[in-house]
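All ligand and atom numbering here is 1-based and tracks the order in the structure.
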Amino acid sequence: MINQIYRLVSPRQFEVTYERQGLQSGLVVVRPEYLSICAADQRYYTGTRGKEALSKKLPMALIHEGIGSVVYDPNDNFKPGDQVVMIPNTPTEKDDFVAENYLRSSKFRSSGYDGFMQDYVFLDSNRIVLLSEQLKPHVTAFLELVTISVHAITRFDRLAHKRRNVFGVWGDGNLGYITSLLLKNLYPESKVCVFGKTEYKLNHFSFVDEVYQIDNIPETLKIDHAFECVGGKGSQYAINQIIDYINPEGSISILGVSEDLVELNTRMILEKGITVIGSSRSGREDFVKAVNVLTKYESIQEYLETLVGSVHEVKSIQDIIDTFEADLTSSWGKTVMHWKI
Ligand SMILES: NC(=O)C1=CN([C@@H]2O[C@H](COP(=O)(O)OP(=O)(O)OC[C@H]3O[C@@H](n4cnc5c(N)ncnc54)[C@H](OP(=O)(O)O)[C@@H]3O)[C@@H](O)[C@H]2O)C=CC1
Ligand SMILES: O=C(CO)[C@H](O)[C@H](O)COP(=O)(O)O
Ligand SMILES: [Zn+2]
């Protein structure tokens, strides 16, 4: 069959390419239905990802957050019409110690390999996870972002010391919202404090114990462990502020992606014996966990629904551009595409 792939060729410019794809490949064919825009996609779309990366990675289909329905499974593990979430990480080897998302040989869609902006996506059957009917598609569209928090919290739980009285989450955007929501559900006895810049955004975090504006934090406040969900230029200020407020031997999970090198107060990292945990992307285990968590806790899905900023029907390349532009001007939440192209 001939597949149409919608690739970014240069900032703000998409082109359709046609590729022949055999149905004998053993891969499952999925029709994408709801896709969601990540900050990483915006860095490619706007060209802020940096010239070198752009020249290495483009042309490339964007989007690594999305769900779809199975069209054809040569092994009959999935039925046509099954709703599935697609896993963007594609490992090419297995390691006993290194998770699939940290293997340098793994391929990640929409970061050097084609993402989900295609008529059909061809995936190995272990790169999709079945979704139950009770899950809402405009929410599961960004399930990949939920797996990022699931993965970071799993790593934190394994690596950090066991006093978890107070968590601090820096970042009043999408990732901060999901991370604090999961922390509050997974550690109901712990206090969760969110630190951000904008009162309007912080007002959405009704489920946490405290919210603080970053220029108005009580000096006496102390946290046991922190999650940085800021990224970009703000991550330097956020991580150094965390270093100031964290108790000795606490952990800082860094999730925000920055294009530039970040200057850190390493003297206090040393003096406080802080554990810094880098956390990037996710793997199959995290997707299975995220699907189970959303299915088990109905309230999590309800809270995640308030993170849906807007849903755009996409039928043409112009609709793709309009949706990316709308996302850039949106002040809250995830921008979802109903993929009808
Ligand atoms: N590790 C991983 O695998 C992944 C990482 N990411 C990265 O995580 C980061 C956040 O993503 P996302 O939540 O979608 O982005 P958002 O823009 O929605 O969230 C970031 C938020 O942090 C706020 N902020 C800025 N400076 C500070 C500060 N010093 N302290 C506290 N909050 C601050 C921003 O406010 P304002 O907008 O007003 O500046 C914004 O509300 C990005 O860098 C993204 O690329 C995303 C997915 C996966
Ligand atoms: O969003 C992400 C995962 O969900 C990561 O931030 C993204 O993979 C980073 O990729 P790149 O190096 O292409 O910016
Ligand atoms: Zn992402």
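In this model, no donor atom of one side chain and acceptor atom of the other lie less than 3.5 Å apart for Ser330 and Thr335. With 3.5 Å as the limit, one finds a donor-acceptor pair spanning the side chains of Asn101 and His151.
A salt bridge between Arg109 and Glu144 is absent, with no side-chain N of the basic residue lying under 4.0 Å from a carboxylate O of the acidic one. Between Asp82 and Lys79 a salt bridge is recorded (basic side-chain N to carboxylate O distance below 4.0 Å).
Of the protein's non-hydrogen atoms, the one nearest atom 8 (O) of ligand 1 is Leu175 CD2, 3.4 Å. Nearest non-hydrogen protein atom to atom 13 (O) of ligand 2 is Tyr44 OH, 2.4 Å. Looking only at heavy atoms of the protein, atom 2 (C) of ligand 2 is closest to His64 NE2, 3.7 Å. Given atom 40 (C) of ligand 1, the protein heavy atom at minimum distance is Asp172 OD1, 3.5 Å. Annotation: atom 22 (O) of ligand 1 to nearest protein heavy atom, Gly171 CA, 3.7 Å. Protein heavy atom at the shortest distance from atom 43 (O) of ligand 1 is Val257 N, 3.0 Å.
Between Arg281 and ligand 2, at least one N/O pair is under 3.5 Å apart. Considering backbone and side-chain N/O of Asn174, one or more are found under 3.5 Å from N/O of ligand 1. Considering backbone and side-chain atoms together, Cys38 places no N or O closer than 3.5 Å to any N or O of ligand 1. Of the N or O atoms in Leu255, one or more lie within a sub-3.5 Å distance of an N or O in ligand 1. By the 3.5 Å distance cut-off applied to N or O atoms, Tyr237 is not counted among the residues near ligand 1. Between Cys229 and ligand 1, no N or O atom pair is found at a separation short of 3.5 Å.
Contacts between Phe195 and ligand 1 below 4.0 angstrom, taking non-hydrogen atoms only, involve the backbone exclusively. Contacts between Gln241 and ligand 1, counted as non-hydrogen atom pairs separated by less than 4.0 Å, are absent for every part of the residue. Here Ser279 has backbone heavy atoms under 4.0 Å from ligand 1, and that is the only part of it that gets that close. The part of Ile148 lying near ligand 2 is the side chain, judged by heavy-atom distances below 4.0 Å.
The one candidate from Lys57, Glu65, His64 that meets the side-chain hydrogen bond (donor to acceptor under 3.5 Å, both in side chains) condition with Ser110 is His64. Residue Glu100 forms a salt bridge (Lys or Arg N to Asp or Glu O under 4.0 Å) with just one option from Arg127, Lys107, Lys94, and that option is Arg127. Checked against Trp170 for a ring-ring contact (aromatic ring centres under 6.0 Å, His included), the options Tyr237, Phe227, Phe195, Tyr212 give a single hit: Phe195.
Here the closest non-hydrogen pair linking Val230 and Ala238 is CG2-CB, 3.8 Å.
With hydrogens and angles ignored, the 3.5 Å screen pairs no side-chain donor or acceptor of Lys184 with any backbone N or O of Thr179. Between the side chain of Asn240 and the backbone N or O of Glu263, at least one donor-acceptor pair lies under 3.5 Å. A donor-acceptor distance shorter than 3.5 angstrom exists from the side chain of His161 to the backbone of Glu249, with no hydrogens or angles considered.
At a 4.0 Å cut-off, not a single heavy atom of Glu65 sits close enough to ligand 2 to count as contact.
Heavy-atom proximity to atom 4 (O) of ligand 2, evaluated over Arg109, Gln42, Glu144, is greatest for Glu144.
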